[in-house]
Structures are given as structure tokens and as C-alpha cells.
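Step one of this worksheet: look at the structure below.
Keep in mind that this is a model prediction, so the values were computed, not measured. Count residues from 1 along the sequence.
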Amino acid sequence: MATTPFPSNACIANILLNLEPNEKCDGLANRTADTQHDNGVSGQAAWNTPLAGRANLLTVGAGLLGSEAHFGQSSEFGYLTPDRGIVTVPSSVLTHITYPYTYAVAGGGTRTVTGPGQFADGTQDSENAFDSRVDLTGKTTTYSLYVSDSLALTSQLELTVSGRYDHSHVSNDDAITPEDEDGTLTGTHNFSRFNPAVGLTFNPRAGLTAYAGYSQGSRAPSAIELGCADPENPCRLPNAMAGDPPLHQVVTGTIEAGLRGVATSWLSWSAGVFRADNRHDIMFVADDTSGFGYFRNFGKTRRQGVELGAKAQVGAWTFGANYTYLDATYRSDETLLGEGNSTNDGGAGFEGDIDVESGDRIPLVPKQMFKAFAAWQILPQLSVNADVLTSTGMIARGNENNTHQPDGVYYLGRGEAGGYAVLNFGVEYQPIDALSLFGQVNNVLDHHYYTAAQLGTTGFNSAGSFVARPFAGPIVDGERPGLGSTFYSPGAPRAFWFGARYSFGR
């Protein structure tokens, strides 16, 4: 590891006496904790009530869901160790300093420190101080009513009409900022919507079904989105919350059509197409002046594609396969934060914004996915199975404009995650009807792959060494260029386990 130009004693001086700027601590320990409890009840009733001499099924239901969640967050300054760990100063060390602490400064005069600056809570005497603390409790209550009616128009054609009404009440309680102060998360929000759906199914002959339909769905904004939705109090990260003007619900309209059939006594298949358009989609957008960002409703996104599937059974063997082609794109123009993106408007190595245009691909959504499986019933009591899951690559978050290009100097990494294939294997033995013994091995070949990627600034160069200031200049507004990189989320390594299932009363 390269020697950092900011030694650990400078970081400790800031932590104990607040004598040095926060940025002389090259590490930041971020801590989060959340708990959530859900409970609810639902019920429905159905009636077979012929209508105009035609078969008709009417279903009516209602539901009540309650949820309480608590989210806490803090960040503590520290310094990096050679193994890339972060050392922070134990609170017991801080007892050796009595606050308020007054000391002489160069050029005459004194300065008084009211408390230690170990937490990134906005109390440090530094232009880079920020407040990342969150202590929020949110309660959500949702009431639902729904009705569905299926009417046989002819012996081959059936019409289904349905609708669902949801009303959600969200109450947030901020334990840090009082309700009457700017930036508080305390507040109440109400969201209501009726979502209709209509569908037709056609059975021209035995073993073949055609279907088509349109449906609407919606979701209320989450607590984290409501907590960082104020342009007057933007956030650097989605989990660093600020004040919360209301957001609109995201509304999705979906059109789908397809065919299902049984080709022979041993083969079944399906094929479908779909298009889902989101309105009032919620995104983390760039603030025009602060360089931070916030959540807001911005426009449209679209997800459309094709789904194919088949399943066959031949003797003791069962085979199946499913394929999905998914085209996920933005349908509205927007300006987003572009940290680590080579095309941002801040210049090489600096933070800036990127422009997203209609038609750009949405990050973290692979275009193609394929899954195949096979099972062999070796004996009446013994079976084995295997499946393979494949996925094409995906755009990294932060590369929403799809134009990031690494130059090997200021930017490392392609701005996307590559495709992968994973093989899984299982075995099951049933000595008696009520008892099953099983074993499972996932990622049999221990393939190294990535399930997500994100652009950002890193303190480590291509050799893995820490470099606090990788570039001497240019210096713009007191800032030097940083090194951008693609961060990856690794997939699960090989894992295996064994177990038993027993069914009482069989």
C-alpha cells in the first residue's frame, strides 16, 4: 500500500481535538441499522352467479396491512489500515479530553472546541463537514378493496374485469430534527388510487389458449424517497435523508398478450409479449447548484419484451426452459448525478452531471435471461435435478446515459457488469412418504460473477494501493481530480447444504 499523505495522527487530532480538517481522515465507517414489523389480515368471498345464462364468477375481497419500520444511520471518521480496514478512536479514549477545550492558534487568539468531531454530524470545523445521521421511525397503514368478475361470453371466450382500491397512510417521526425545523422528516402522507384491469382469454380448441389484457398498478413512495425529496435540502446519497415534500405514486400501465398450449401429451409451451410504461417514475436526480441530489417524480420509463417457455416429460426425465428478452429504457430526458462517469460535465476526474435521453437503457437490468432445468427420477424414492441460469451483461448505475468510456487514467472499469452462467445441482431421497432427505449445491463450478455494478470515486489505483490524491491538478474551487472506477457486487460463491423435511399426518 502506498503511504497516504494524511498520517493517522492528523486524523486522530481531528477526532480528539478537532484541530485538523475532516478530510485528513482517509476512512469513513458508515453504520446503518433497520428493523421492520408487518402484520395484516385479508379475506375474500366468491359467488358462481350466472349472468344472462352465461357462467359468471364474482370475487370480492378486502385487506388491511400495517407496517412499522425504524432506520438509523451514522458515519464516523477514521483512517485506513494496510488491509483496507478502518480504525476509529474508541469512545473511552475521548474521556481523557475535557470539553469545552480552548487552545491557542497561530497568529494570536484562541479557539474553543465544544466536543469531539469523530462523527460526521455537521459539528466539525471543516468546509467538508456533512450530516449523515438518520433516526427515523415510519408507520404505514394500507386499506385495500378489490373486486373481480369473470364472464363466459361464449363457450370459447371469457372476459375478466377487475379493480383494486388502495389507500395508504404514512406517518414519519424524526428523532433528530424537531417537527417545526427545516429539513425534518416528521410528517404524514396519504396516497390513494383505484387500479383497473381487463383481460380476454380465447380457447379455439383443446390444448390452445390465447390471452390479451391491460392492467394498471401503483406503488406509494418509500420512506427513503420521501425523506430525500426536497430540492431545498438535497442529499449526497439516497440514504442521507432530508426534508420531504410529497411525491406522486408511481403508476404502471401494462399491456400483454400471448399463447399457451399443450403440443402433445408430454410437451407444454407458452409465448408472450408485454409492455409496461411507468408514469411519475421516481429517480434520484441532480441538484442544479449544490452538486447533491434528491428524489423526484420525473417522467416515464418503459420495460417491454418477450417471454418463452417450454416443459417436457419423457419417461423418468423432466426438462424445461424459460427465456426472457427485456428492453428497459428511459422515455423522458433528465439530468442525473454522474460521479465516476467519464462524460459528466465536471471535467476529467471531477464530479458533475450527465444528461439522460429518451431511449437510454436503464442500469442493472440485463437484456436477456435464460434458465434451463432437468430432473431424473432414478428410483421411486430417489431423484436428482440440475439447472443453469444465464444472464447477459448490464449497465452500471451511474452510467444511465450509456456513454461512459474508461481511459485508464482518470477512469477505470467499463461501466457495466458482464454476463454469467451458474450451474446448480440437487438430490432428494424419500425413504418413507412423510420424510424427505435432500442436498443442494449452488454454483457448482464456483464461477466468479457480478450481479450489479456502480460508477463512483475510489481511493485505490489499478494496483490496489491507496492514494489519497492521485492527481496533483488541476485544482478547481479547492478540489483536485479523483479517480473514478466501476464497483461490482459479487455473486454468491459455491454453497452446499443438506436437510430433512418431515410432514406430520401423512
Side-chain angles (χ1 to χ4, degrees), residues 2 4-7 10-11 13-14 18-28 30 75 77 79-80 105-107 111 117 119-132 182-183 228 230-238 240 242 284-294 296 334-356 397-401 403-413 415 454-461 466-487:
T4 170
F6 297 150
C11 175
N14 172 56
N18 217 348
L19 302 179
E20 298 281 354
N22 297 327
E23 56 268 26
K24 290 198 175 181
C25 292
D26 52 25
L28 190 67
N30 295 305
S75 296
F77 288 107
Y79 57 91
L80 287 170
V105 296
R111 176 184 173 209
F119 283 97
D121 58 4
T123 62
Q124 298 82 5
D125 184 16
S126 170
E127 62 181 11
N128 292 328
F130 62 96
D131 193 344
S132 68
D182 291 338
C228 183
D230 188 353
E232 301 301 323
N233 293 279
C235 317
R236 180 168 294 278
L237 296 174
F284 192 67
V285 303
D287 179 67
D288 293 334
T289 57
S290 70
F292 287 48
Y294 57 96
R296 78 171 178 86
E334 189 53 75
T335 299
L336 305 180
L337 296 174
E339 180 185 5
N341 190 308
S342 64
T343 62
N344 77 62
D345 61 7
F350 289 95
E351 296 182 9
D353 301 336
I354 57 175
D355 293 324
V356 176
R397 186 178 297 276
N399 191 18
E400 286 82 357
N401 60 352
T403 57
H404 169 75
Q405 292 292 332
D407 58 8
V409 179
Y410 292 99
Y411 301 98
L412 309 175
Q454 179 170 329
L455 297 180
T457 301
T458 179
F460 298 92
N461 61 22
F466 176 78
V467 182
R469 288 178 175 172
F471 306 104
I475 301 176
V476 179
D477 296 330
E479 299 290 336
R480 290 175 171 81
L483 183 63
S485 183
T486 304
F487 295 80

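- The distance from atom CD of Glu400 to atom CG of Leu337, rounded to the nearest 0.5 Å, is 9.0 Å.
- Here the straight-line distance linking atom CG of Leu336 with atom CG of Asn401 works out to 8.5 Å at 0.5 Å rounding.
- Here the shortest heavy-atom pairing between Tyr411 and Gly349 reads OH-N, 3.0 Å.
- Taking both residues in full, the closest heavy atoms of Leu412 and Pro406 are given as C-CB, 4.3 Å, listed atom of the first, atom of the second, then distance.
- A 4.5 Å side-chain heavy-atom check between Phe487 and Thr458 finds at least one atom pair inside the cut-off.
- The shortest non-hydrogen separation linking Thr335 to Asp353 is CG2-CB, 3.6 Å.
- Rounded to the nearest 0.5 Å, atoms CD (Glu479) and CD (Glu351) are 8.0 Å apart.
- Of all heavy-atom pairs spanning Gly473 and Pro481, the tightest one is O-CG, 3.6 Å.
- In this structure, Gln405 and Ser342 approach most closely via the heavy-atom pair N-OG, 2.8 Å.
- A donor-acceptor pair under 3.5 Å is formed between the side chain of Asp407 and the backbone N or O of Val409.
- Test Thr343, Asn344, Leu455, Ile354 against His404 for side-chain contact (heavy atoms from CB on, under 4.5 Å) and you get one pass: Leu455.
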